[in-house]
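Quick notes on the structure that follows.
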2 protein chains.
Amino acid sequence: MINHHRSVKVLRRGDLAKLTGCNLETIRYYENIGVMPEPPRSSKNYRVYDDRHVARLRFIMRARELGFTLDEVRDLLALVDGGAQTCGEVQGLANAHLASVRAKIADLKRIEHVLSSTVAQCSGDDVPECPVIDALREEA
Amino acid sequence: MINHHRSVKVLRRGDLAKLTGCNLETIRYYENIGVMPEPPRSSKNYRVYDDRHVARLRFIMRARELGFTLDEVRDLLALVDGGAQTCGEVQGLANAHLASVRAKIADLKRIEHVLSSTVAQCSGDDVPECPVIDALREEA
DNA sequence: TCTAGGGTCTGTAGCTGGTACAGGCTCAAG
DNA sequence: CTTGAGCCTGTACCAGCTACAGACCCTAGA
């Protein structure tokens with residue numbers, strides 16, 4: 001299947017989705033909220049992507065995998081796009097995010113501790129008395 | 001300020017919010033989604049609560065603090081309301097939740113590890129080269 | 001040549017767990 | 001009699017997507 005008009009294979013939205021593993025609709029969403037740029041359109045109004053779009057989307061996805069919010073991703077991209085970003089600036093954003101990740105871990109560990117020690121008291125029997133329910137009912 | 005019609009103090013939505021620390025609007029939300037029961041209404045259509053509503057809302061809030069989803073809360077409440085709940089059933093729900101808490105902790109720890117080891121390579125200087133950006137750009 | 005199936009386009013609704021606000025009513029104090 | 005507080009309702013908004021309807025467009029096979 002040869003494209004008669006261009007020697008370079010044109011990427012459409014579905015191609016970008018497959019190349020990156022990103023959901024098709026999410027690509028449009030990222031464009032709407034301004035983290036992906038508006039790509040040029042074909043004569044039939046189809047979005048036309050190239051390698052730089054692939055790279056950008058992968059960047060976004062990696063940042064999301066590391067738990068950066070889309071707002072934080074926007075900040076990272078602004079630094080990168082600005083061209084004059086410094087290691088210090090990026091480090092600042094990453095450290096702020098790292099702090100929030102650590103806070104979430106601490107929260108979950110506290111929860112894990114309460115839950116596991118409560119569940120450990122369960123008989124697991126067919127009896128109505130249950131330490132978990134008691135803990136939830138407990139007067140503060 | 002004495003209530004001339006009843007000897008027992010009637011709780012309204014604002015009172016329930018204050019007693020439990022729950023947001024005023026959240027109480028209505030919980031009623032809409034069916035985790036709080038529809039309370040009786042006064043002649044002027046005001047919701048009228050009593051001690052059992054206070055207890056139930058506290059139960060819900062404790063379960064939420066432990067990270068149970070509202071769906072899980074509904075399940076717990078159904079068991080409790082059924083009257084015939086057994087320790088084994090409750091333990092099952094709690095263990096399922098515990099597993100998802102542990103999975104989240106594992107995810108976040110992985111993220112924490114990647115982030116912290118990457119940030120550790122930063123010079124923090126006014127230079128454009130940054131290991132964090134490199135990691136995000138990295139070809140998989 | 002016709003047709004069936006895929007892709008793409010747009011706007012919009014849905015999800016979770018709330019939060020908030022507008023516009024209207026009621027009630028008590030000053 | 002007015003003012004403020006509380007309550008009522010429905011609805012919109014947040015993140016971060018995901019999905020669907022209804023309209024195009026295009027290609028391959030019969």
Side-chain angles (χ1 to χ4, degrees), chain A residues 1-6 9-36 38-49 53 57 60-77 97 100 104 107, chain B residues 1-6 9-36 38-49 53 57 60-77 97 100 104 107:
Chain A
M1 216 238 314
I2 292 155
N3 186 316
H4 295 280
H5 302 288
R6 293 159 185 269
K9 176 76 169 71
V10 157
L11 299 176
R12 290 192 301 178
R13 194 149 56 101
D15 302 317
L16 185 55
K18 266 190 198 102
L19 280 172
T20 58
C22 185
N23 180 290
L24 185 70
E25 299 292 289
T26 303
I27 294 170
R28 195 158 58 96
Y29 172 69
Y30 284 166
E31 183 182 324
N32 285 338
I33 63 164
V35 299
M36 281 292 284
E38 289 183 31
R41 300 294 183 115
S42 74
S43 58
K44 287 297 178 261
N45 203 32
Y46 288 7
R47 288 170 180 83
V48 176
Y49 298 101
H53 294 100
L57 185 48
I60 295 165
M61 290 174 76
R62 283 199 194 96
R64 293 289 300 129
E65 277 164 26
L66 290 178
F68 286 95
T69 65
L70 285 171
D71 261 2
E72 291 168 330
V73 171
R74 235 187 301 262
D75 291 343
L76 287 170
L77 289 170
H97 177 54
S100 85
K104 272 180 206 145
D107 262 14
Chain B
M1 215 241 307
I2 292 155
N3 186 316
H4 296 281
H5 302 289
R6 293 160 184 267
K9 177 77 168 68
V10 157
L11 299 176
R12 291 191 303 177
R13 192 149 57 100
D15 303 316
L16 184 55
K18 268 193 197 99
L19 280 173
T20 58
C22 184
N23 180 291
L24 184 70
E25 299 291 288
T26 302
I27 294 170
R28 197 157 58 98
Y29 172 69
Y30 283 165
E31 184 182 323
N32 285 338
I33 64 164
V35 299
M36 282 291 286
E38 289 184 31
R41 300 292 184 116
S42 74
S43 57
K44 288 297 179 259
N45 203 32
Y46 288 8
R47 288 170 180 82
V48 176
Y49 298 101
H53 294 99
L57 185 48
I60 296 166
M61 292 174 75
R62 283 200 194 96
R64 293 289 301 129
E65 278 163 27
L66 289 179
F68 285 96
T69 66
L70 285 170
D71 259 3
E72 292 169 329
V73 171
R74 236 188 301 261
D75 291 344
L76 287 170
L77 288 169
H97 178 54
S100 84
K104 273 180 205 146
D107 264 14

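Just so it is clear, the model here is predicted, and its values are computed rather than measured. The chains referred to below are lettered A, B, ... by the order of the sequence lines, with proteins before strands, and numbering in each begins at 1.
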If you check every side-chain atom of [X], which of [options] has the closest atom?
X     : options               : value
A:R12 : C:dT10, C:dG7, D:dT18 : C:dG7
A:K44 : D:dC25, D:dT9, C:dG18 : D:dC25
B:N23 : C:dC9, D:dG16, C:dT19 : C:dT19
A:R41 : D:dG6, C:dG17, C:dC9  : C:dC9

[N] OP1/OP2 closer than 4.0 Å to side-chain N/O of [X]:
X     : N      : value
A:T26 : D:dT18 : yes
A:R74 : D:dG16 : no
A:T69 : D:dA15 : no
A:R47 : C:dG7  : no

Quiz item: B:Y30 side-chain donor-acceptor pair to C:dG18 base, under 3.5 Å
no

Q | C:dG11 base / A:R28 side chain donor-acceptor hit below 3.5 Å | A | yes

When you measure from the side chain of [X] to the backbone N and O of [Y], does any donor-acceptor pair fall under 3.5 Å?
X     : Y     : answer
B:R64 : B:F68 : yes
A:H97 : A:L66 : yes
B:T26 : B:Y29 : no
B:R74 : B:I33 : yes

Determine, stepwise, if the pair A:Y49 / A:L19 fulfils side-chain contact (heavy atoms from CB on, under 4.5 Å).
CA-CA 11 Å; A:Y49 298 101; A:L19 280 172; over 6 Å; no

Between [atom2] on [N] and [atom1] on [X], what's the gap in Å once rounded to a whole number?
X     : N      : atom1 : atom2 : value
B:E31 : C:dG17 : CD    : P     : 18 Å
B:E25 : D:dA12 : CD    : P     : 15 Å
A:R13 : C:dC9  : CZ    : P     : 5 Å
B:F68 : C:dG17 : CZ    : C1'   : 17 Å
A:I27 : C:dT10 : CD1   : P     : 13 Å
A:L16 : C:dG7  : CG    : P     : 15 Å
A:N32 : C:dT12 : CG    : P     : 12 Å
A:R64 : D:dT18 : CZ    : P     : 10 Å

On DNA chain D, does the nearest nucleotide to B:K18 precede the nearest nucleotide to A:Y46 from the 5' side, or the other way round? Give the residue.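 Nearest nucleotide further toward 5': that of B:K18.
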
